[in-house]
Amino acid sequence: MTGPGVPTIAVADLPADAPVLDVREADEWAAGHAPTARHLPMSELTGRLGEIPADDPLYVVCRSGGRSARVVAYLAGQGYPAVNVDGGMQSWAAQGRDVVADNGRPEII
């Protein structure tokens with residue numbers, strides 16, 4: 001799921017108050033996301049680099065960990081201290097971490 005050289009952390013090892021950047025698309029975000037996450041879709045990333053949080057490290061999440069691994073590889077190449085959240089929001093939800101949704105009924109899509 002993650003490529004060589006991509007810094008990765010398991011959801012279980014992620015601090016509860018960790019800064020999270022969610023790179024899923026708007027419909028996925030609306031359906032369910034981490035309560036403290038910030039949203040910046042992968043498809044808009046290169047045009048919105050100025051909005052990347054300056055957190056160190058910056059934990060990047062998607063649905064299962066594939067897109068976020070690509071984003072982490074890109075951000076690392078740009079000098080950002082990014083770390084991929086292995087298993088993504090699927091793993092996040094499976095481990096019982098809080099998930100919130102725009103409609104009040106969170107699900108991970």
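Worth knowing before you read on, the calculation uses all heavy atoms, side chains too, and leaves out hydrogens, waters and symmetry mates.
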So, using salt bridge (charged side-chain N to carboxylate O under 4.0 Å, His left out) as the criterion, who are the partners of Asp102 when residues are at least two apart? none
[X] to [Y] - nearest heavy-atom pair and separation:
X      : Y      : answer
Val83  : Pro57  : CG2-CB, 3.9 Å
Pro53  : Leu21  : CD-CD1, 4.1 Å
Met42  : Val71  : CG-CG2, 3.7 Å
Val61  : Met89  : CG2-N, 3.6 Å
Val60  : Ala82  : CG2-CB, 4.2 Å
Ala101 : Pro106 : CB-CA, 3.4 Å

Stepwise, does the side-chain contact (heavy atoms from CB on, under 4.5 Å) test hold for His33 with Val100? CA-CA 5 Å; His33 56 271; Val100 295; 3.4 Å; yes
Using side-chain heavy atoms (C-beta onward) and a distance below 4.5 Å, is [X] in contact with [Y]?
X     : Y     : answer
Ser91 : Asp86 : no
Ile52 : Leu49 : yes
Trp29 : Pro41 : no
Ser68 : Val85 : no
Arg38 : Glu51 : no

Has the side chain of Trp92 got a donor or acceptor atom that lies under 3.5 Å from a matching backbone atom of Gly87?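 No, the answer is negative, given that no donor and acceptor are paired below the 3.5 Å cut-off.
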Return the [atom1] to [atom2] distance between [X] and [Y], rounded to the nearest 0.5 Å.
X     : Y     : atom1 : atom2 : result
Leu58 : Tyr80 : CG    : OH    : 9.5 Å
Leu45 : Gln78 : CG    : CD    : 9.0 Å
Leu40 : Arg48 : CG    : CZ    : 4.5 Å
Asn84 : Leu75 : CG    : CG    : 11.0 Å
Asp22 : Arg67 : CG    : CZ    : 8.5 Å
Glu28 : His39 : CD    : NE2   : 8.0 Å

Qualifying residues under side-chain contact (heavy atoms from CB on, under 4.5 Å), relative to Asp56, sequence neighbours excluded: Pro81
